[in-house]
Amino acid sequence: MTQKILDFNKLAHELLPKGSGYDSCIACGLCSSGCPAAGFFGMGPQHFIRMAMLGMNQELATTPWVWTCTQCKRCLYICPMNIDVSLLVGAARGAWPDEKKPQGIMRSCEAQSLNSSTSAMGLTSEDFIEITQDVLEEIKAEDHRFNTLQVPFDKKGAYFVVNQNSREPGVEAEEMGPLWKILNYVGANWSYTSKGWAAENFCMFTGSDAAWEKMVTQRVDAMNELGASVWINTECGHSLYALWKGIERFDLKANFQPGNLISYYAQWIREGKLPVNSDWNTMGLKFTLQDPCQLVRKSSGDPAAEDLRFVAKKLVGADNFIDMQPCKSANYCCGGGGGFLQAGMREQRRAYGKRKFDQIAATQASYVLTPCHNCHSQIEDIGEYYSGNYHVVHFWTLICLSLGILGQQERRYLGPELENLGLVPGDINAKT
Amino acid sequence: MIRETRSIQTQLAIVGTGLGGLAAGIFAKYRGIKSAQVGHTGAITYTTGYFDLLGGLLGEQILDPWQGLSSLKKHYPKHPLVRIAKEDIHKALNLFNKELNNMGIGYSEPGNTNLMALLPSGVCKPTISVPLTMLAGVKAKEAKSPTLLIDFVGLQGFSAVEFVANLKKSWPLLTAQRIAFPDMIEGQQVFPEVMARALEVPSTRQKLAETIKPFIGNAKYLGLPSILGINKPDLIHNNMEELLGVKVFEIPSIPPSVPGMRLRELFEQKFVDKNVTLIPQHKVEHIELNDDGAKLFFKDPFGDIEISCKATILASGRFLSGGLKAEQQNIVETLLNIPVTQPTGRDDWYQEKYFDPKGHNINQVGVEIDNNFRPLNTKGEPINRRLFAAGTIIAHQDWVRQRCGAGVSLSTAYQAVKYAAKVLD
């Protein structure tokens with residue numbers, strides 16, 4: 001398959017938001033200034049725009065830079081002319097011959113297409129159900145308070161349909177437990193679907209609209225069939241964006257509202273259903289927060305960012321929370337987005353992540369909270385690579401820690417100081 | 001997919017997050033008015049960080065801006081600044097200054113005379129208030145003190161050698177040195193924003209100080225492009241002075257520069273409270289005015305948002321910010337199609353000479369207002385009794401030549417909020 005050469009200037013007129021275009025670029029450089037990928041392979045968002053204007057289509061069609069751009073849309077966020085470089089990067093990715101695209105991304109997408117489970121780790125529906133049942137039995141065996149805990153599949157009449165990133169059943173199955181416990185604690189009427197249960201969508205990162213659409217369609221069909229009112233995405237950024245954006249982009253019919261889990265955490269805390277507090281943090285451990293681009297800037301915006309902070313402060317104590325700078329919608333991508341973690345460009349990915357590492361270091365926090373799998377992996381990796389001294393945790397871990405229901409096996413991301421905190425089982429009914 | 005329109009109910013809607021819009025937000029908050037504010041990147045992002053009240057008139061520099069306002073009245077009787085009592089201008093500048101200091105960026109107190117502030121090419125301009133990180137530069141130049149100016153490998157648009165070349169005659173003890181900023185990738189362009197964020201890490205400050213120290217010699221002052229952090233510039237400034245043992249000052253660099261990012265991020269993070277909703281980096285797309293106020297409509301990635309309010313302040317700025325748009329033959333206001341006072345034809349937009357001391361007519365176009373800062377229709381009547389205007393969208397001022405941008409923005413915002421408060425009572 002040969003490289004397809006796109007006419008980027010023409011494409012810009014088709015794809016860019018109303019009122020913007022390459023010819024409106026004032027060359028101020030704000031986009032590149034705030035882009036951690038600027039400079040790789042002699043390219044950056046500003047270069048991309050100027051070269052498109054000059055008709056340098058061959059160079060733009062072949063630059064590997066498009067695989068280092070995480071399509072985080074910070075350039076769009078800051079651009080006074082509303083120019084969205086990420087749309088063109090997506091088109092450029094799609095025009096690469098499949099055999100030349102980063103094979104890590106391609107393999108993950110191919111695995112998702114293997115069967116109706118849509119899992120990038122190749123787990124079938126039967127695998128997923130079996131793994132959840134095993135984990136459920138372990139939880140019940142460990143703590144009698146969860147004797148009646150259930151993990152429903154294809155439950156008609158469920159209000160929430162929940163999807164699950166394959167990373168958990170695939171490599172760290174015990175990490176599914178905290179979310180189930182939270183849903184149980186608040187009395188949520190929820191269900192997984194046995195088909196299309198997986199959350200991740202690497203097909204979006206390949207640049208192939210057809211592959212992205214196929215993935216979204218399978219999941220939407222499964223959720224429509226269930227008939228739930230609200231779809232809740234697990235603590236994962238790109239899978240939230242890939243689904244709701246995919247529904248819009250491909251004009252699919254979805255009979256449910258999209259919801260983000262963090263805002264539900266916030267709502268349940270406000271309603272008193274999730275009575276978390278920071279009493280456990282007697283050591284005054286400091287926490288910062290990585291706003292996932294896909295959840296905040298690209299999806300729900302600053303209201304989601306405010307919910308993240310509300311929940312985080314309740315969990316760790318307002319005095320122990322230190323915001324990273326910049327943050328909320330202005331946040332920098334960590335370098336784990338856009339398939340970068342699977343793209344095999346480790347040197348560039350870590351150079352990209354150095355800016356995030358510095359932002360974390362400036363907070364001097366010993367924990368980074370983030371509700372995103374890719375952020376989680378990347379921030380852990382750069383922490384190790386640049387000799388950082390922090391841990392990266394999910395929200396569900398701290399919620400269960402605070403409620404005194406976090407099991408021994410559910411603490412892999414906590415530091416030694418929290419390894420055993422609150423492990424003595426109490427009676428959950430006494431709290432509710 | 002099922003989506004609900006999100007609705008925001010508020011007393012005051014402010015369109016624009018430039019200097020005029022943000023000042024309106026501050027003044028509204030000060031008066032206890034509940035507000036919602038929407039705006040995108042605009043001219044504020046490109047600011048030097050200096051706040052000008054009045055620095056030029058008919059080609060002459062103005063050193064006493066307060067006295068200058070009297071001359072302004074004589075030559076430009078419709079100028080928005082001459083429609084505001086000096087006392088109110090004082091209040092606007094001082095209140096804004098105080099709030100900025102409270103939120104975390106130190107500024108010098110607006111005084112009786114202009115300061116001669118340094119610009120990246122080695123020239124100076126008269127201005128009323130400067131960030132504290134830049135103040136020592138004004139003093140160093142005044143005293144002609146021995147000063148070392150640093151620039152960086154890979155940094156574009158700021159040359160210490162050029163700066164020194166332009167000032168060497170009047171400032172002989174000024175010297176230049178280029179160094180490499182710690183931990184940057186060799187051969188790549190280095191942005192001020194990247195250096196500024198890196199300096200928020202204490203260890204980077206130490207590395208930079210160690211790199212600079214061998215070149216200090218007899219210098220009493222050290223000048224840098226504006227890179228001393230985005231969020232805690234005063235803390236980083238003080239720390240660098242401690243590490244280097246000399247007075248340190250910043251000089252604004254050309255865009256994409258740090259001072260505007262500081263202001264934007266400061267507001268995005270410190271300004272919001274229970275009475276203030278700020279929706280940054282979005283543009284209002286449509287406004288429907290009614291007898292009780294207005295409805296404003298726009299979108300974010302997740303869907304439609306609607307603001308209902310009892311009064312609106314239009315602070316949407318000029319061409320860069322999108323408040324005004326130049327069509328082929330005329331200039332239009334983009335949201336409500338408010339009449340724009342302008343030359344009769346495109347041929348009269350510009351003077352023949354770029355540096356003509358009269359300035360260009362296009363810089364004075366804008367909307368007309370009444371004494372209550374309400375935009376007017378073609379009959380000279382207020383378009384709506386609950387619609388107000390603030391900032392540089394107002395006609396008859398030339399912020400470019402008269403160096404009056406901040407003065408106009410802050411003072412008109414103060415007035416617009418004052419009159420909006422009356423219809424909210």
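Naming convention: chains lettered A, B, ... in sequence-line order (proteins, then strands); numbering from 1 in each chain.
- Interface remark: A:F40 contributes backbone and side-chain atoms alike to the contact with chain B (heavy atom separation under 4.5 Å).
- If you measure heavy-atom distances from B:E265 to chain A, the contacts under 4.5 Å come from the side chain alone.
- Both the backbone and the side chain of B:L320 have a heavy atom closer than 4.5 Å to some heavy atom of chain A.
- Contact annotation for A:C327: both backbone and side-chain heavy atoms come within less than 4.5 Å of a heavy atom of chain B.
- Looking at heavy atoms from C-beta onward, B:R197 lies out of side-chain contact with A:R355 at the 4.5 angstrom threshold.
- Looking at B:Q188, the atoms closer than 4.5 Å to chain A (heavy atoms on both sides) all sit in the side chain, from C-beta outward.
- Looking at A:Y332, only its side chain comes within 4.5 Å of chain B, counting heavy atoms on both sides.
- Looking at A:S299, the atoms closer than 4.5 Å to chain B (heavy atoms on both sides) sit in the backbone and in the side chain alike.
- Only the side chain of B:T45 comes within contact range of chain A, with at least one heavy atom under 4.5 Å from a heavy atom of that chain.
- A donor-acceptor pair under 3.5 Å is formed between the side chain of B:T41 and the backbone N or O of A:I78.
- Residue contact with chain B, scored on non-hydrogen atoms closer than 4.5 Å, involves the side chain of A:K328 exclusively.
- Proximity to chain B (any heavy atom under 4.5 Å) is shown, for A:S32, by both the backbone and the side chain.
- Interface remark: A:L76 contributes backbone atoms only to the contact with chain B (heavy atom separation under 4.5 Å).
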Begin from the C-alpha positions of A:S329 and B:E268 and carry the test side chain to side chain contact (heavy atoms under 4.5 Å, CB included) through to its verdict.
CA-CA 9 Å; A:S329 293; B:E268 284 181 7; over 6 Å; no
Go through the steps to decide whether B:Q269 and A:Q325 satisfy the test side-chain hydrogen bond (donor to acceptor under 3.5 Å, both in side chains), and finish with yes or no.
CA-CA 10 Å; B:Q269 296 189 31; A:Q325 303 293 346; 2.8 Å; yes
